[in-house]
Asks: 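What follows is a single structure, and I will ask about it in a moment.
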Amino acid sequence: MQKKGYFITFEGIDGCGKTTQLENAYKMLTEQGIECVKTREPGSLEIGSKIREILLNYNGEVSDNCEMFLFLADRSQHIDTYIKPKLKEGIVVLCDRHTDSTLAYQGYGRQRDVEQLKELNKIATNNIIPDLTILIDINVEEGQKRAGKNPDRLEKSGKEFFERTREGYIALAKQYPERIKIVNGEKSKESVYNDVKSLIMELLKL
Ligand SMILES: Nc1ncnc2c1ncn2[C@@H]1O[C@H](COP(=O)(O)OP(=O)(O)O)[C@@H](O)[C@H]1O
Ligand SMILES: [Mg+2]
C-alpha cells in the first residue's frame, strides 16, 4: 500500500498562536518518530521568499489583484515542488497559513468574491486539500497585542478589515466542518496545545 502523508494547515489572524502551536506539533510528532516537516506561506521556497519580500516590504502601491496573484503564485510553486512530493513520500506536512488565508484576508477581509477565490485556489493547489485545518480563533485586539503590532496599525488598516477576516475564518469553518476545526486561542498556550494535539492524534489515529 502506498504510504500517504497528512497535510495539516494552521490558520487564524496575526498573533493567534499559529507558529507557536505548529512548533509544538512538530516537536510532538518528531518525538513519536513520525516523519514530518514544517513550512509556511507565503515564502517558504526561494522564489517564495522573493514574493514574500514584495508582499511584506514593498512600500509602493500593490493593487488588490497583484497581491492576490502573488500569493497564489507562491502557493502554486509551494504545492507542486514541495508539499505534493512530501505527501507522496508519506511525510506529514505542517503548514503555517494556506488557502484559507486567501479566502479570509482577500475574500472576506478585502471583500472580494470568495467563490471566485475558491476556484483560483483550486488551480493554485491542483486540488490538493488539507486533511485538517486548525483554525486558532482569537479576538482582534489580543491578536494584535500578542503579535507586537503598533496599535496604530489597527487604525490604519481599519479595524473592520481585521474583524471581517476573523469572521471570515469562522464562516469558512462552518462551510467545511469536516476539515476546519476551531480551537479557542484565547486560552493558555498549554491549553491551546492540548486541543491542537487531540485533533492531530485523532487524524493520525495515534
Ligand atoms: N495561548 C497564548 N497565550 C499567550 N501568549 C501566546 C499564546 N500563544 C502564543 N502566544 C504568544 O503570542 C505571540 C504570537 O504568537 P505566534 O505563535 O507567533 O502567533 P502567529 O504565528 O499566529 O502570528 C508570541 O509571542 C507567542 O509566544
Ligand atoms: Mg506566525
Side-chain angles (χ1 to χ4, degrees), residues 7-31 36-45 48-58 67 70-71 74-75 78-79 82-83 92-110 130 132-159 161-173 176 179-201:
F7 183 23
I8 303 172
T9 59
F10 291 74
E11 294 280 0
I13 59 173
D14 268 354
C16 70
K18 296 179 294 300
T19 306
T20 303
Q21 298 303 337
L22 189 149
E23 290 293 337
N24 285 340
Y26 178 79
K27 193 159 169 269
M28 183 267 289
L29 291 171
T30 305
E31 279 169 7
C36 66
V37 291
K38 41 186 180 174
T39 187
R40 69 169 186 192
E41 288 185 9
S44 57
L45 304 174
S49 68
K50 291 187 164 50
I51 293 174
R52 188 182 172 93
E53 213 178 279
I54 300 174
L55 286 167
L56 302 183
N57 301 327
Y58 182 62
E67 179 189 70
L70 285 172
F71 278 124
D74 172 64
R75 175 162 307 136
H78 192 209
I79 278 274
Y82 188 80
I83 295 175
V92 176
V93 176
L94 304 173
C95 188
D96 199 330
R97 293 198 180 284
H98 187 59
T99 44
D100 299 300
S101 285
T102 303
L103 302 177
Y105 284 81
Q106 274 71 51
Y108 291 93
R110 298 218 192 281
L132 169 67
T133 295
I134 299 173
L135 168 56
I136 307 176
D137 181 55
I138 190 177
N139 71 72
V140 171
E141 286 85 359
E142 179 67 19
Q144 293 277 309
K145 209 161 74 190
R146 281 193 200 163
K149 296 272 155 62
N150 182 332
D152 287 351
R153 188 182 123 97
L154 261 187
E155 293 299 310
K156 214 168 87 185
S157 283
K159 184 160 185 293
F161 167 75
F162 292 102
E163 292 289 357
R164 283 197 301 270
T165 302
R166 179 193 183 194
E167 292 306 320
Y169 268 128
I170 293 167
L172 289 167
Y176 305 103
R179 171 173 68 86
I180 306 181
K181 306 293 180 191
I182 302 182
V183 164
N184 177 0
E186 292 174 12
K187 301 189 291 183
S188 71
K189 282 185 197 178
E190 294 70 26
S191 172
V192 177
Y193 175 56
N194 274 333
D195 294 346
V196 168
K197 188 175 172 185
S198 303
L199 289 170
I200 294 176
M201 302 288 264

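Each ligand, and each atom within it, is numbered from 1 in the order the structure gives. Just so you know, these numbers come straight off a predicted model, no measurement behind them.
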Asks: Could you state the interatomic distance from OG (Ser101) to CZ (Arg75), rounded to the nearest 0.5 Å?
Replies: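 Those atoms lie 7.0 Å apart.
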
Asks: Any nitrogen or oxygen of Asp96 lying under 3.5 Å from a nitrogen or oxygen in ligand 1? Just yes or no.
Replies: no

Asks: Could you work out, for atom 14 (C) of ligand 1, the closest of Glu190, Arg146, Lys18 by heavy-atom distance?
Replies: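 Checking each option, the heavy atom nearest atom 14 (C) of ligand 1 is found in Arg146.
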
Asks: When you check the side-chain N and O atoms of Ser188 and Tyr193, is any donor under 3.5 Å from an acceptor?
Replies: no

Asks: Report yes or no: does a heavy atom of Lys187 sit under 4.0 Å from some atom of ligand 1?
Replies: yes

Asks: Looking only at heavy atoms, which two atoms of Gly43 and Arg40 are closest? And how far apart?
Replies: O-NH2, 3.4 Å

Asks: Taking the cut-offs as 6.0 angstrom to the six-membered ring centre and 45 degrees off its axis, would you call Arg110 and Phe161 a cation-pi pair?
Replies: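 Here Arg110 passes the 6.0 Å and 45° test against Phe161.
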
Asks: Distance under 4.0 Å to a non-hydrogen atom of Thr20: what atoms of ligand 1 satisfy this?
Replies: 9 (C), 15 (O), 16 (P), 17 (O), 26 (C)

Asks: Counting only nitrogen or oxygen atoms and a 3.5 angstrom limit, does Val192 reach ligand 1?
Replies: no

Asks: First locate atom CE of Met201, then atom CE of Met28, and finally report the distance between them rounded to the nearest 0.5 Å.
Replies: 5.5 Å

Asks: Would one find an N or O of Gly17, backbone or side chain, under 3.5 Å from an N or O of ligand 1?
Replies: yes

Asks: Quick one: closest heavy-atom pair of Ile200 and Ala25, and the distance?
Replies: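 Result for this residue pair: CD1-CB, 3.6 Å.
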
Asks: Of the backbone and side-chain N, O or S atoms of Thr19, does one lie nearer to the Mg ion (ligand 2) than 2.8 Å?
Replies: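 Checking Thr19: at least one N, O or S atom is under 2.8 Å.
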
Asks: Which protein heavy atom lies closest to atom 18 (O) of ligand 1, and at what distance to 0.1 Å?
Replies: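 Of every protein heavy atom, Thr19 CB, 4.0 Å lies nearest to atom 18 (O) of ligand 1.
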
Asks: Run the contact test for Ser188 against ligand 1 with a 4.0 Å cut-off on heavy atoms, strictly below, and give the result.
Replies: yes

Asks: Could you identify the single nearest non-hydrogen protein atom to atom 23 (O) of ligand 1 and state the distance to 0.1 Å?
Replies: Gly15 N, 2.8 Å

Asks: Output yes when the distance from some N or O of ligand 1 to some N or O of Lys189 is under 3.5 Å, and no in every other case.
Replies: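 Yes; at least one N/O pair falls below 3.5 Å.
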
Asks: Testing Thr30, Leu22, Asp96 one by one against Lys38 for a side chain to side chain contact (heavy atoms under 4.5 Å, CB included), which residue passes?
Replies: Leu22

Asks: Check contact between Gly12 and ligand 1, using heavy atoms of the residue and a distance below 4.0 angstrom.
Replies: no

Asks: Roughly how far, to the nearest 0.5 Å, is CZ of Arg166 from CG of Asp14?
Replies: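 CZ of Arg166 is found 14.0 Å from CG of Asp14.
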
